[in-house]
Amino acid sequence: AQSVTQLDSHVSVSEGTPVLLRCNYSSSYSPSLFWYVQHPNKGLQLLLKYTSAATLVKGINGFEAEFKKSETSFHLTKPSAHMSDAAEYFCVVTAYTGNQFYFGTGTSLTVIP
Amino acid sequence: DARVTQTPRHKVTEMGQEVTMRCQPILGHNTVFWYRQTMMQGLELLAYFRNRAPLDDSGMPKDRFSAEMPDATLATLKIQPSEPRDSAVYFCASGLIGQRPNSPLHFGNGTRLTVT
């Protein structure tokens, strides 16, 4: 079985400071992991994906995430927050070839000017 | 860039009316998902199709919801009769699933449904 836990429902950072959004996963099989971003009134947009290649994954808009099997974590980071990063972020896990995608409950990121 | 297209973007209807939402998945994707998003429940999986065949619709209220894929370029989600509690944003997503590894899901921009 797979599941994902996003440890913070809300994160607030100042513009220009680092962003850390935390995600822990549970998976009986080799997982594929994804981070999505959702801006208001928009669909979910893929930020980055991990599919058993490099453990440090770089995505769009300066985001990256590190797959840590020993900690069952896939935290999302960005060195310097921008106002346009304010959005909802979802961590998603699926088995390598599984049918189901399991979504976290989302983390709302606020960026303070 | 290939995109998932959903129509309409917004729909306001009265209770009891039929609502049809449409989705054009990305060409070549073999799996189409329907999700519903509300503030209270977050993202809920309603149904999904593989190669146009329904694989799981256990997330849908069976008495009023139906989902179909009449062809590879069109998926539909119908609600009849609609109720105020159906008000939500409905998302379609497609992906190449069951390969090694699974592709990510690609989402449409959603249909915002308001039932009065």
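Note that this is a predicted model, so its numbers are computed, not measured. The chains referred to below are lettered A, B, ... by the order of the sequence lines, with proteins before strands, and numbering in each begins at 1.
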### Query
Taking side chain as C-beta onward, heavy atoms only, is B/Ile97 less than 4.5 Å from A/Phe101?
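Yes, side chains in contact.
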#### Entry: Any A/Gln100 side-chain heavy atom under 4.5 Å of B/Tyr48 side chain
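Counting from C-beta outward, A/Gln100 and B/Tyr48 do come under 4.5 Å.
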### Query
Applying a criterion of heavy atom separation less than 4.5 Å, what residues of residues 33-44 of chain B form contacts with chain A?
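Answer by number: B/Phe33, B/Tyr35, B/Gln37, B/Leu43.
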Around atom [atom1] of [X], are there more than 12 heavy atoms of other residues, nucleotides or ligands at under 6.0 Å?
X: B/Lys11; atom1: NZ; value: no
X: B/Lys62; atom1: NZ; value: yes
X: A/Leu56; atom1: CG; value: yes

### Message
Considering only residues two or more places apart or on different chains, which pairs with a residue in residues 38-64 of chain A satisfy ring-ring contact (aromatic ring centres under 6.0 Å, His included)?
### Response
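Sorted pair list: A/Tyr50-A/Phe67, A/Phe63-A/Tyr89.
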### Query
Based on non-hydrogen pairs under 4.5 Å, which of B/Leu105, B/Val89, B/Thr31, B/Asn109 is most in contact with chain A?
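Option with the top pair count is B/Leu105.
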Find out if a path of hydrophobic residues (ILVMFWY) with successive side-chain heavy-atom gaps under 4.5 Å connects [X] to [Y].
X: B/Leu45; Y: B/Val32; result: no
X: B/Val4; Y: B/Phe91; result: no
X: B/Phe107; Y: B/Tyr90; result: no
X: B/Leu46; Y: A/Phe90; result: no
X: A/Leu76; Y: A/Phe34; result: no

Part of [X] lying under 4.5 Å from any heavy atom of chain B:
X: A/Glu88; value: neither
X: A/Lys49; value: side chain
X: A/Leu46; value: side chain

### Message
Side chains of A/Asn41 and B/Arg9: any donor to acceptor distance under 3.5 Å?
### Response
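Judged by distance alone, the side chains do not pair up.
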